[in-house]
**Q** 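This is the structure, below, for whatever I ask next.
Both counts, for ligands and for their atoms, begin at 1 and track the order of listing.
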Amino acid sequence: MAERPAAPESDTRWRSGGGFMLAALGSAVGLGNVWRFSYVVGENGGGAFLLVYLLALLLVGVPLLVAEFALGRAMRRESVAAIRRLAAGSPWRHIAWLSLVAPSLVLAYYSVVAGWVLRYLMDFSFGPPTAAGDHAAAFSAHVAGTLEPLAWQAVMLGATAAAIANEVTRGIERLNRVLMPLLALLLLAMLLQAATLDGFSRGLAFLFRPDWAALAQPRVYVAALGQVFFSLGLAMGVMVTFGSYLPRGTALHRPALAIAFGDTLAALAAGLVIFPAVFTLGLDPAQGPGLAFVVLPEVFARIPGGRLVGVAFFLLLTVAALTSMASLLEVPVAYTIQRFRVSRATASWAWMLALFLLGVPASLGYGAWSRVRDAAGRGILELMDAAAVDLLLPLNGLLLSLLIGWAWNGRRAAAATGIRPRWLAWLWLGVVRFLLPTLLLVVLGAGIARL
Ligand code: PHE
């Protein structure tokens, strides 16, 4: 394919590999590592899930991350335009829509959970303390509200839109440079504290000793694969767009592996803090999306200086959520600016409003609309999450791997990854052509069967 000059929206280059890594890691590390990882592990039997997760990370996550980076870099465009360009003239160009729909749907309910985080930050900073033992009730009471959770959700989305409208994401990234290591340090300190708990060895066993019987359940595979997509930010256009900022020639497997490693480390640290506390306090690991919001405050309520630790933790998590939200919002905004020639501010605020409205049912699903549930008892937020993560993301991943693997000239695609030696690049292409579609088709089938 003839190379045309870079699209105007893509001509900012990362000045250093470090800046790119930090931005991509800032996007990857978010609520997915603390909130989603812990509750999905808890619901899916612990160690068995983790084993499948790690396999899916290496076999699907890393190759697809390389593929998305390579596509963005070779096409020099944000995701929708990049996909359309590779698929130019064929009906495959329509799959670009999925890379717009998926991040929008995710952002709508992600912002609800981000609102919970902000509310906890405010409570720990200014509110009267909640007594130890009362945090499960406090969480249920908070999420059941109508206006208050919606207001926190709006604040988080508004902050994201303001950042995207004013292009201050670079500033947030610089903030990240300080705050991400701090989050790592804080998790480490919390881990040392967790190691003193009675339930530590049970927590470890839950997380690292697979219950082999659980491996017979298809839902474990669906959940693990979905979590890989969610946590790495795959099939949402985000990583294609990041790739479009990368300098040519550098090998893409190194940053992909480093991001997968760092992201997993953050999730494991959160798990190692949460599960020992779950067993020490006699809580249910399979209690669902509230898990982290009940367990961590219970821990903070019991340790000396816990209130301050709580403030620090929720502050860092708020920033982690914001960087993830900004990278999600950038996808539809970049597309809208380019397609409709509107200003960045108009696009940002219009999308913010639309996504807020889309997120309203997810929030009300815990209160006024809590009777809307499926047969398995899942509420609106969980159903939106399942639709996005168990279906839309693997479907888009499947289509993307077919497009990148087969519509792209093999030699060009392999070269676009910058991977040396050659055989390793061809191995990557083989994985994208054969292994990814096969695995994704099987897991997608299992996901559909579960509907
Ligand atoms: N990976 C982020 C998290 O774990 C969520 C996210 C997905 C961010 C897709 C950007 C793009 O919270």
Side-chain angles (χ1 to χ4, degrees), residues 20-41 53 56-57 61-62 64-65 68-69 72 78-79 98-118 156-157 160 163-164 169 172-173 176 179-180 183 187 223-243 256 259-271 289 292 316-335 351 355 359 381 384-385 388-390 392-394 396-397 400:
F20 162 75
M21 277 294 300
L22 213 71
L25 206 58
S27 159
V29 175
L31 301 179
N33 304 68
V34 177
W35 161 70
R36 201 173 189 284
F37 179 78
S38 60
Y39 102 74
V40 178
V41 172
Y53 179 84
L57 187 73
V62 172
L64 198 55
L65 193 51
E68 291 198 20
F69 284 158
E78 54 78 35
S79 55
L98 280 174
S99 297
L100 210 58
V101 175
S104 307
L105 182 59
V106 167
L107 188 50
Y109 68 83
Y110 197 95
S111 64
V112 174
V113 183
W116 300 347
V117 176
L118 185 60
M156 288 301 281
L157 264 178
T160 309
I164 291 295
T169 45
I172 301 184
E173 274 152 26
N176 239 9
L179 293 183
M180 277 220 298
L183 182 62
L187 278 173
L225 187 78
Q227 177 63 19
V228 167
F229 273 90
F230 188 92
S231 200
L232 288 183
L234 294 171
M236 286 188 259
V238 174
M239 294 302 170
V240 178
T241 306
F242 274 145
I259 290 162
F261 182 75
D263 185 67
T264 306
L265 222 52
L268 281 179
L316 295 172
L317 198 57
T318 302
V319 180
L322 276 176
T323 49
S324 295
M325 291 171 72
S327 64
L328 281 166
L329 186 62
E330 178 64 26
V331 175
V333 167
Y335 167 75
W351 272 103
L355 295 176
L381 188 144
M384 284 170 80
D385 182 62
V389 177
D390 295 345
L392 224 47
L393 298 186
N396 197 19
L400 276 175

**Q** Tell me which donor-acceptor pairs under 3.5 Å the side chains of residues 223-231 have, and how far apart each pair is, sequence neighbours excluded?
**A**
residue : atom : partner : partner atom : Å
Gln227  : OE1  : Arg36   : NH1          : 2.7
Gln227  : NE2  : Gly32   : O            : 3.1
Ser231  : OG   : Asp263  : OD1          : 3.4
Ser231  : OG   : Asp263  : OD2          : 2.6

**Q** Measuring from atom CG of Asp385 to atom CG of Asp390, what distance do you get when rounded to the nearest 0.5 angstrom?
**A**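 Nearest 0.5 Å value for the CG-CG distance: 7.0 Å.
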
**Q** Once you round to the nearest 0.5 Å, how far does OG of Ser99 lie from CE of Met236?
**A**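 If we round to the nearest 0.5 Å, Ser99:OG and Met236:CE are 10.0 Å apart.
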
**Q** Just how far is it from atom CG of Leu98 to atom CG of Leu105, taken to the nearest 0.5 Å?
**A**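 Reported to 0.5 Å precision, the distance equals 11.5 Å.
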
**Q** What is the distance from atom CD of Glu68 to atom CG of Leu400, rounded to the nearest 0.5 Å?
**A**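 Here the rounded value is 6.0 Å.
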
**Q** What are the distances between nitrogen or oxygen atoms of ligand 1 and protein nitrogen or oxygen atoms, counting only those under 3.5 Å?
**A**
residue  : atom   : partner : partner atom : Å
ligand 1 : 1 (N)  : Ser27   : O            : 3.4
ligand 1 : 1 (N)  : Ala28   : O            : 2.9
ligand 1 : 1 (N)  : Phe230  : O            : 3.0
ligand 1 : 1 (N)  : Ser231  : O            : 2.9
ligand 1 : 4 (O)  : Ala28   : O            : 3.0
ligand 1 : 4 (O)  : Gly32   : N            : 3.3
ligand 1 : 4 (O)  : Asn33   : OD1          : 3.4
ligand 1 : 12 (O) : Leu31   : N            : 3.1
ligand 1 : 12 (O) : Gly32   : N            : 2.8
ligand 1 : 12 (O) : Tyr110  : OH           : 2.5

**Q** Under a 4.5 Å cut-off applied to non-hydrogen side-chain atoms, are Leu355 and Ser104 in contact?
**A**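 They are in side-chain contact.
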
